[in-house]
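Have a look at the structure below before the remarks.
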Amino acid sequence: MSNSDDLDQLSINTLRTLTIDAVQAANSGHPGAPMGLAPVAYTLWQRFLRFDPDRPIWPNRDRFVLSVGHASMLLYSLLHVTGVKAVNPDYETQGEPAVPLDAIRNFRQMGSACPGHPEYRWTTGVEATTGPLGQGVATTVGMAIAQRWLAATYNRPGFELFDYDVYALAGDGCMMEGISGEAASLAGHLKLSNLCWIYDDNKITIEGSTDLAFSEDVGKRFEAYGWNVLRVADANDLDALDQAFRIFRATEDRPTLIIVRSHIGYGSPNKQGTYGAHGSPLGDDEIRLTKQNYGWPEDAKFEVPDEVIAHFRNGLGKRGDEASTAWNALFSEYQDTYPDLAHQLNCTQRRVLPDGWDQSLPSFPADDKGLAGRVASGKVLNAIAEQVPWLIGGAADLAPSTNTRLTFDGAGDFSAEDHAGRNFHFGVREHAMSAVLNGMSLSKVRPFGSGFLIFSDYARPAIRLSALMEIPTIHIFTHDSIGVGEDGPTHQPVEHLASLRAIPGLVVLRPANANEVVEAWRVIMHLRHEPAVLILSRQNLPTLDRTRYAPAAGVAQGAYVLADAVDGKPDVLLLATGSEVSLCIAAYEELKAAGIAARVVSMPSWELFEQQEQAYKDAVLPPDVTARVAVEKASILGWTRYTGLRGQIIGMRTFGASAPLAELQRQYGFTPGNIVAAAKEQVANART
């Protein structure tokens, strides 16, 4: 064996033993997959990946996503031995190791840079939060799309700023989850030849052999998707792996799937190839035997030979340094030659808006008929997108219904043939669409995706991950209530507002009319670390006369006093979101005529309201006014926070029904008359 071969094997075994020792120390984790996949990860990182450990966020780096997130110690070991530097929240390299050895020693412990599954923004070098299987691979489709769009938009002759590749390491679970099929279908359709998935075909899941539930030919499935499918019979065959990655790089007309046959728990004499190596420590005795098989010192723990560090520095490190240094020099020239384009790219990297981004925002005049929320949003979206060139997105086959098509000159459609288009067609794939948005956002463009609110059920897992990662994806959901009408309960979202509000870090906005839509978009565009869900009506909503009622700018505070008692001392509070705000305004006028002082509070975003100082919240919802009525065509869950236990909530306690909107409103009590009656009852109760 040559010295080079010795170093290869020593490096691979270092990755394996770091994993084994970390899982054993934590008494928790998954050693088997890293033990089997170490040669695959080693070959990719040391021989092919364009990644600079000293500049881990340079824009044209190759992306590596560990979709098998339970194998996290494989990634943490790589980040340690390659010497990746930590980056702070302001994206400034700090010079400290991202994963010091002490972090590995404290794997899965509070405060460690090595949590149980890879977490974006927690550990530098982790490109995406992974854990739920299938999410990682789906996210890489968005990264690959973003590269294509960035290249088509910003590359110029002699200035190839963006040509990076995207890799994902996936397992049997990823292939079983439906989201991977959605995403792979889209990637094949778009011919994303910069995308490579590596499938760890180890044939073991938690319950045992994959034969229990999974027997399809994955390769044939991906061939049907339009992928290039390669096979490596033995994960330990570095030459075969090398050849497969070279073929991927030479493939220009489709994405690549490399199916690698591996052995979970490789080297463990009693657990290799069994589910016992999947999610449990090997145990001290088995570790000694395994290390004997590797030719490793039996009692050495967390051993990292100096020659392994030097080997990675001379391979990945040197290659990455040369590539990033050349890129930075190229971008410096690009700034001189194309200053406007360079400024745009700097804005995208820092997630800041260009000057004048809101100069064309519309203002809607008072109109009793008004506009549907979705129609107003379409006008606002187009006005913003003309000024923010990297605001791009589309719909899950519903753009005509969600009004999310960019219609200005030059917007175009993104396709396999045209990568510069700004309108995206995600197909009927809500889950994959939302994961793709995550990948695009991680690549620093500003993506939006749209669908009907009822189908947020399909998108929710990826939306949740956007909140975990603190990335500003934009989700536009229309047809927001029983107002869908005759389509019936299968299409009428009832519990969906509550479920979205339950996600920490997600900003949910349900504007009441066209001018609140404008202000909602103003809030969304300023978000840098929070995803947003914009919830819009299908039906028309009256555009209020803002000379009679408060300005819509109050949306920025999440809730505001829209109409008030003459002396500012109301007897009853009427609280609502979305289309129900206009019902409360009508009830307010009736109550006023009857001599009852009411206050209407529009509450488009509970999350934003909760961020306000207590003095503001008390000014909007005076604690001494206990007579309160909340109105929302959705589940009543959560409203007692604002009504108190004695307040009344006019909401949905059942699913809806198939009927015209007017009839549904009468059936479920969403009428000004019912709100008036509830308010009078509340006032009477408060006075007794």
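The pair Arg246-Asp242 meets the salt-bridge criterion, with a side-chain N (NZ, NE, NH1 or NH2) lying under 4.0 Å from an Asp/Glu carboxylate O.
Contact of the His431 side chain with the Gln135 side chain is registered, since non-hydrogen atoms from C-beta on lie closer than 4.5 Å. In this structure, the side chains of Pro59 and Gln349 come closer than 4.5 Å at one or more pairs of heavy atoms.
Partner of Phe245 under the side-chain contact (heavy atoms from CB on, under 4.5 Å) criterion, out of Ile198, Leu230, Thr256: Ile198 alone. Val218 pairs with exactly one of Asp201, Val229, Leu257 by the side-chain contact (heavy atoms from CB on, under 4.5 Å) rule, that one being Leu257.
Ring-plane geometry between Trp197 and Trp227 is classed as tilted, the angle between the planes lying from 30 to 60 degrees on a 0 to 90 degree scale. Ring planes of Tyr294 and Tyr266: parallel class, angle under 30° (limits at 30 and 60°). In this pair, His70 and His278 present their aromatic rings tilted. The plane angle is within the 30 to 60° band.
Within the cation-pi definition used here (under 6.0 Å to the ring centroid, within 45° of the axis), Arg63 qualifies as a partner of Tyr164.
For Tyr167 and Phe248, the ring centers are positioned less than 6.0 Å apart. Aromatic rings from Trp45 and Phe64 are positioned such that their centres are separated by under 6.0 Å. The aromatic ring centroids of Phe424 and Phe448 lie 6.0 Å or more from each other.
There is no side-chain donor-acceptor pair under 3.5 Å between Thr205 and Asp172. Side chains of Ser193 and Arg148: a donor on one and an acceptor on the other come within 3.5 Å.
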